[in-house]
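Everything below concerns the one structure shown next.
On a predicted model such as this, the values are computed, not experimentally measured, just so you know. Note on naming: letters A, B, ... go to the chains in the order of the sequence lines (proteins, then strands), and numbering restarts at 1 for each one.
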Amino acid sequence: MSPEKQLELLKRGAAQIISEADLLEKLRQNRPLNIKLGVDPTAPDIHLGFTVALQKLRQFQDLGHTAILIIGDFTAMIGDPSGRSKTRPQLTHDQVMANARSFRDQAFKILDPKKTKTVFNGEWFELMTFEEVIKLNSRVTLQQMLQREDFAKRIANNEPVRLHEIQYPIIQGWDSVKVQADVEIGGTDQLFNILVGRDLQKEEGMPQQIVFLMPLLEGLDGVQKMSKSLGNYVGVSEAPETMFGKLMSISDTLMARYYLLLLGEEMPGGHPMEAKKQLAFRIVERYHSRECAQAALNDFNTRFSKKDLASADLPVISLDGLAPDIVSVVVAAYAQAFQITKSRGDARRLVEQGSVQWAGEKITDPKATPAFAKGGELKLDKTRAVRVAG
RNA sequence: GGGUAGGUACCGAAGUGGCCAAACGGGGUGGACUGUAAAUCCACUGGCUUACGCCUUCAAUGGUUCGAAUCCAUUCCUGCCCA
């Protein structure tokens, strides 16, 4: 494919490219470019937000370029305590490696393994001497670092910024030098870090990498960016029904964003709910299978559109050894079926407020001891219901 | 090192001896209405309890007091100013 055509394709969905002219120049060299994407294996799950960048990387692969997936095992072990006083738990090397493995498996749902080089940045950072670290630091000024928005903001808010945090851009930048990146992909929040990579490459007398920024995907709340810690994410390895359900709960405005960023197309007209089912279907299909997507859609229709719990496929709980009152059963249901710890107070509240239904009937008396017939359905809250073993 | 301001529940933030499990706002959850949408309205939001109430909490420890988030001492942590 001609360089111009490639650029045309790659530009689609990108938030910012620095610069297009330079990228075109590289594409014209007619060789596989090194496309870098850094990941931080602090959590083992990939969510849809990260797939935006991964999909772009895949596109580069399809055009014949080489994906370089950098696993930040070194940085993950240091632990980044950004975000006020909360110190992130420092991970052991074993945890990081386990996360990295699971990360790679998930990433390969999108990437082409044959055209992907995975590298760990511990490979070079663990070998650096303190002298080399100091030298590396001497190339960047404090003022440059402080220009970064989140540092500036934290300083303005009188929040601490620790010295090692301002090394992150340098660390990430040095990765670019080590892997000889031609292009680095990242979210728009990565602009600064990627630019540092350019600076360091220039100092090393290397060609500078292209900054390739993808928009940040908002999480399920529609406001903040999708992240694990905010709990507003959809993981690519979540169960089909969960994934489908989460996607169905998003707002219409957010749906338009998801169409654009995840499917790369405009939201179709017609009833918004149909469009949303389409979206949920296609995403489940992408990460599971067509059959799973169909099953999730059917399940959704049964449970929510037709409100027919009786024929829905629900997790099964056992009542053995439980007190017969509704509160105890609800607590046990959350624990057994969803691994959620509910206090008895919470469970009682759900009952009193009319959320809990047994066999289609609301039960609002916390002392109630309905006869739990085997095979019956117990609705817990908006999205969760269970079936009694039998 | 010196000075100074602080550390309250998921977050922000009031409270400065009893009326404090702790105002208010955000967030979250449930209900009504819906399309598991948005908007709106209502309720709930430390644990145990049907309830009376009991228990654990306001950085930590120790103390004063009939009684402490509030007063005192020590310690830990953070910001700001000076060096």
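The base of G35(B) is paired with the side chain of Asp252(A) by a donor and an acceptor separated by under 3.5 Å.
Comparing the P positions of U8(B) and U78(B) gives an interatomic distance of 14 Å, to the nearest angstrom. Taking the C1' atom of each, A59(B) and G79(B) are spaced 16 Å apart, rounded to whole Å. When the C1' atom is compared between C41(B) and G46(B), the two are found 28 Å apart, to the nearest whole Å. A distance of about 13 Å separates the C1' atoms of U56(B) and A9(B), rounded to the whole Å. G30(B) sits 31 Å from C19(B) when the C1' atoms are compared, rounded to a whole Å. Across the C1' atoms, G3(B) and C71(B) are found 24 Å apart, a figure rounded to whole Å. The C1' atoms of C55(B) and G6(B) are separated by 31 Å, rounded to the nearest whole Å. Comparing G47(B) with G67(B), their P atoms are spaced 29 Å from each other, to the whole Å.
Candidate nucleotides C44(B), U29(B), G47(B) were compared by shortest atom distance to the side chain of Leu350(A), and U29(B) ranks first. The side chain of Met273(A) lies closest to G35(B) when the candidates are C80(B), U78(B), G35(B). Closest to the side chain of Pro160(A), out of C44(B), G79(B), G47(B), is G79(B). Here the side chain of Lys379(A) is nearest to one of G31(B), A37(B), C80(B), namely G31(B). Nearest to the side chain of Arg349(A), among C48(B), A37(B), C44(B), sits C44(B). Closest contact between the side chain of Lys367(A) and the listed nucleotides G35(B), U50(B), C80(B) involves U50(B). Proximity note for Ser355(A) (side chain, C-beta onward) versus G79(B), G30(B), C48(B): the nearest is G30(B). Minimum atom distance to the side chain of Arg344(A) is reached by C48(B), of the listed A38(B), C48(B), G30(B). Side chain of Ser251(A), nearest nucleotide from A38(B), G31(B), G47(B): A38(B). Closest to the Gln353(A) side chain, of the nucleotides C80(B), A37(B), A43(B), is A43(B).
Contact between the side-chain N/O atoms of Arg154(A) and the OP1/OP2 oxygens of G79(B) is not found at any separation under 4.0 Å. Dashed line: the shortest gap from a side-chain N or O of Lys362(A) to OP1 or OP2 of G30(B) is not under 4.0 Å.
When heavy atoms are screened at a 4.0 angstrom cut-off, Arg348(A) is found touching base atoms of the nucleic acid. Here Leu254(A) lies out of heavy-atom contact (under 4.0 Å) with every strand.
No close placement of the Phe304(A) and Phe244(A) rings is indicated, their centers lying 6.0 Å or farther apart.
Pair assignment for C24(B) gives G12(B), based on Watson-Crick or G-U wobble hydrogen-bonding distances that are each under 3.5 Å. Figure legend. A5(B) is base-paired to U78(B); pairs are counted as Watson-Crick or G-U wobble with both atom distances under 3.5 Å. The pairing partner recorded for G46(B) is C55(B), the criterion being a Watson-Crick or G-U wobble arrangement whose two distances lie under 3.5 angstrom. Pairing partner, U65(B): none, since no Watson-Crick or wobble contact has both distances short of 3.5 Å. A 3.5 Å limit on both hydrogen-bonding distances identifies no Watson-Crick or G-U partner for U34(B).
Between the side chain of Lys379(A) and the main chain of Ser355(A), a donor-acceptor pair closer than 3.5 Å is present. Judged by distance alone, the side chain of Gln61(A) and the main-chain N or O of Lys115(A) form a donor-acceptor pair under 3.5 Å.
Aromatic ring orientation, Tyr233(A) versus His47(A): tilted (interplanar angle from 30° to 60°).
Between the C1' atom of A5(B) and the CG atom of Asn157(A) lies a distance of 17 Å, rounded to the nearest Å.
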